[in-house]
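Only a predicted model underlies this, so the values are computations on that prediction, with no experimental measurement involved. Order of the sequence lines fixes the chain letters, A, B, ..., with proteins taken first and strands second; residue numbering starts at 1 for each chain. Keep in mind that the numbers below use all heavy atoms, side chains included, and drop hydrogens, waters and symmetry copies.
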There are 2 protein chains.
Amino acid sequence: MRSVVSGDVEHPTDASSQRLRPTSPDTITAEVIARLDACEDERLATIMRSLVTFLHGFVREVELTEGEWHDAIRMLTATGQITDERRQEWILWSDALGVSMLVDAIGHPFPEAATESTVLGPFYVPNAPERPYGAHLDEVPAGDPAWIHGRVLSLDGTPIAGAEVDVWQNGDNELYATQDPEAPETHLRGRFTTREDGSFGFIAVRPTAYPIPDDGPVGQMLRATGRHPWRPAHIHVIVRAPGHRSVATHIFDRDSDYVDSDVVFAVKQSLLREFVERSADDPDRPQGIQGDWWSLRSDFVLVRSDDTGELVDPGRTA
Amino acid sequence: MRSVVSGDVEHPTDASSQRLRPTSPDTITAEVIARLDACEDERLATIMRSLVTFLHGFVREVELTEGEWHDAIRMLTATGQITDERRQEWILWSDALGVSMLVDAIGHPFPEAATESTVLGPFYVPNAPERPYGAHLDEVPAGDPAWIHGRVLSLDGTPIAGAEVDVWQNGDNELYATQDPEAPETHLRGRFTTREDGSFGFIAVRPTAYPIPDDGPVGQMLRATGRHPWRPAHIHVIVRAPGHRSVATHIFDRDSDYVDSDVVFAVKQSLLREFVERSADDPDRPQGIQGDWWSLRSDFVLVRSDDTGELVDPGRTA
């Protein structure tokens with residue numbers, strides 16, 4: 001074997017090829033963005049340019065190391081592995097990083113007097129049973145009885161008759177019916193229709209605070225950053241009425257733990273309500289309640305709209 | 001059933017509870033960031049604050065809709081589903097969005113005269129066979145023979161004897177040995193040691209351009225944004241020498257298609273080299289080559305360091 005090829009035949013660097021800019025963090029970002037010039041979908045191009053800009057901005061600001069990049073890849077991989085038909089860890093990330101509520105806030109700039117929206121959560125099941133005024137939501141024992149009532153109104157104060165109040169909640173075992181193999185499928189779920197004066201009322205149970213699933217990567221993040229996995233006690237409601245925009249929201253128990261620190265950032269001041277303590281001999285006690293009870297009043301104010309707003313789930317984890 | 005509870009007992013809005021700020025896109029971001037105050041790991045807190053700031057900045061800038069948010073969740077879910085022990089779609093995203101090269105650029109601010117690093121790619125297998133000076137890299141026919149040679153130097157120009165040049169490449173079927181069930185495991189892989197004058201030389205084949213795996217979400221993104229999945233022809237090299245920082249880099253064929261548009265943005269001007277055409281009767285033809293051949297010269301310049309730099313894979317997809 002000979003040593004071959006003299007250096008003058010070949011040029012390790014090729015000065016004539018000036019097609020490429022020198023490589024630096026800034027030029028990499030510019031190159032990735034320029035590569036999107038061929039994108040014919042203008043909205044997609046806008047989203048991808050912004051995504052690349054902010055993603056690179058993050059990496060540059062923290063000077064992400066290769067080790068940290070590996071940690072990120074491992075975390076993404078683990079999130080994919082724990083996600084299945086019943087567990088949606090991606091939505092959990094979105095919720096726990098406040099992205100779901102941000103998308104909700106951008107998408108629902110309601111007038112101040114209208115009922116504010118919040119996350120739908122993962123436990124909503126369409127077509128809950130229709131129940132009459134004053135009926136029980138619980139089908140098996142699930143906690144202290146609570147009379148939930150109020151009116152559905154249009155923004156100008158007009159009561160809305162025939163509006164649908166679609167409700168679901170957890171019981172005192174912290175679980176929703178969909179999570180609880182012991183519970184009937186329609187337990188703690190129901191749809192109520194408002195009367196002529198816009199009023200609705202039903203017997204629920206006082207909900208408890210509960211933790212989001214925290215045995216995966218999101219739970220690891222919460223622990224590593226000193227955050228807890230709890231949501232304050234709440235009842236889920238979707239209110240629908242013809243000629244109005246639907247709203248998916250919560251009734252929050254203002255006295256619950258974690259009202260100040262909901263892990264998914266879903267609490268809004270305007271959605272806090274008080275559970276009022278009532279005794280068994282209170283003359284207002286509904287017929288369907290025995291013993292001591294709670295009452296809670298919450299009106300819902302809807303915005304007139306030809307478009308009911310296709311209900312898109314802004315978060316399925318809590 | 002009576003209509004119960006007069007309005008004066010309960011207060012739909014509770015003016016005394018001023019713990020929560022009004023909800024707007026800006027306050028959501030501030031609230032998520034404030035929640036990180038309990039994080040005791042300062043570096044993690046810095047990373048998470050920056051991540052939340054830039055992630056929310058992206059969502060706000062494009063005013064991401066709920067429908068687009070759902071598309072994003074579906075895309076993340078699909079990426080998790082296609083990822084397994086042999087397919088790493090997360091790294092493919094990192095590569096295709098330029099993040100891998102950005103992390104590489106931040107982590108390797110080499111002096112201008114030193115050989116620049118680039119992505120390691122997914123086809124590196126440690127412990128390639130040690131081969132002598134001038135030996136073949138190919139163990140079965142894999143394309144046009146190419147004599148690859150040069151020297152390993154320290155930044156001050158001193159030749160480095162006993163440096164290791166660890167090489168792997170694809171054949172003219174576009175595949176690396178790890179992808180090709182027909183190929184011997186050590187085909188197109190080898191480790192060479194520099195001689196006293198710092199020189200190395202081996203018989204490779206001229207590599208071809210090839211597409212990254214594009215049957216998953218990253219491929220969908222490339223098609224939707226008008227991008228192609230191709231990498232320009234290159235040979236992978238890791239150069240290691242005692243007392244120097246290791247470098248993982250490529251030798252790029254400057255005449256290859258896609259040099260201007262590598263799908264993973266790994267091309268650097270300083271890494272382009274020319275394959276020079278040689279005839280069978282060229283007096284410099286190495287003994288191991290029959291017929292017409294190519295030659296390519298590439299020196300590697302290393303930076304002195306007590307730390308060889310733990311070699312961390314900055315990208316496993318290409």
Side-chain angles (χ1 to χ4, degrees), chain A residues 1 4-5 9-10 12 14 17 19-20 23 25 28 31-32 35-36 38-39 47-48 50-52 54 56-59 61-64 66 69 73 76-77 80 83 90 97-98 101-103 105-107 134 224-227 254 260 265 268-269 272 274 276 284 286-287 295 297 299 312 314, chain B residues 1 4-5 9-10 12 14 17 19-20 23 25 28 31-32 35-36 38-39 44 47-48 50-52 54 56-59 61-64 66 69 73 76-77 80 83 90 97-98 101-103 105-107 134 225-227 254 260 265 268-269 272 274 276 284 286-287 295 297 299 312 314:
Chain A
M1 178 77 48
V4 294
V5 186
V9 178
E10 299 157 11
D14 174 19
S17 172
R19 294 169 295 187
L20 293 159
T23 308
I28 291 168
E31 196 179 335
V32 179
R35 205 71 68 81
L36 291 160
C39 181
I47 288 174
M48 291 301 297
S50 182
L51 177 66
V52 168
F54 282 95
H56 285 214
F58 158 66
V59 170
E61 178 172 276
V62 301
E63 297 190 342
L64 198 74
E66 292 184 340
W69 178 91
I73 294 292
L76 291 164
T77 303
T83 296
W90 297 110
L97 295 180
M101 282 305 293
L102 183 59
V103 171
I106 291 169
T225 58
R227 291 176 56 185
R254 51 161 264 188
D260 293 338
F265 306 95
K268 296 179 177 182
Q269 182 74 34
L272 298 177
E274 183 180 2
V276 178
D284 284 336
Q287 284 182 343
S295 70
R297 172 169 179 159
D299 291 343
V312 177
Chain B
M1 177 76 50
V4 294
V5 187
V9 179
E10 297 157 12
D14 175 16
S17 173
R19 294 169 295 189
L20 293 158
T23 309
I28 291 168
E31 196 179 334
V32 179
R35 204 71 68 82
L36 291 160
C39 180
L44 179 61
I47 289 175
M48 291 301 296
S50 181
L51 177 65
V52 168
F54 282 95
H56 284 213
F58 158 65
V59 170
E61 178 173 276
V62 303
E63 298 191 342
L64 198 72
E66 293 185 341
W69 178 90
I73 295 292
L76 292 163
T77 303
T83 297
W90 298 110
L97 295 180
M101 284 304 292
L102 184 59
V103 171
I106 291 169
T225 58
R227 290 176 55 185
R254 50 161 264 187
D260 293 337
F265 306 96
K268 296 180 176 181
Q269 182 74 34
L272 297 176
E274 181 180 6
V276 177
D284 284 336
Q287 283 181 346
S295 69
R297 172 168 180 157
D299 291 344
V312 177

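Looking at B:V59, both its backbone and its side chain come within 4.5 Å of chain A, counting heavy atoms on both sides. Heavy atoms closer than 4.5 Å to chain A are found in both the backbone and the side chain of B:R35. Only the side chain of B:L44 comes within less than 4.5 Å of a heavy atom of chain A; its backbone N, CA, C and O stay farther away.
Considering CD1 of B:I73 and CD of B:E66, their distance stands at 12.0 Å, rounded to 0.5 Å. Here B:M101 contributes atom CE and B:F265 contributes atom CZ; the two are 10.0 Å apart, rounded to the nearest 0.5 Å. To the nearest 0.5 Å, the span separating CH2 on A:W69 from CG on B:L102 amounts to 12.0 Å. Taking NE2 of B:H56 as the reference point, atom CG of A:L97 lies at 6.5 Å (rounded to 0.5 Å).
Ranked by heavy-atom pairs under 4.5 Å with chain B, the first of A:L64, A:V52, A:L36, A:T77 is A:T77. In terms of heavy-atom pairs under 4.5 angstrom with chain A, the leader among B:G226, B:A38, B:A105, B:S50 is B:S50.
The shortest heavy-atom contact between A:I106 and B:P25 is CG1-CG, 4.1 Å.
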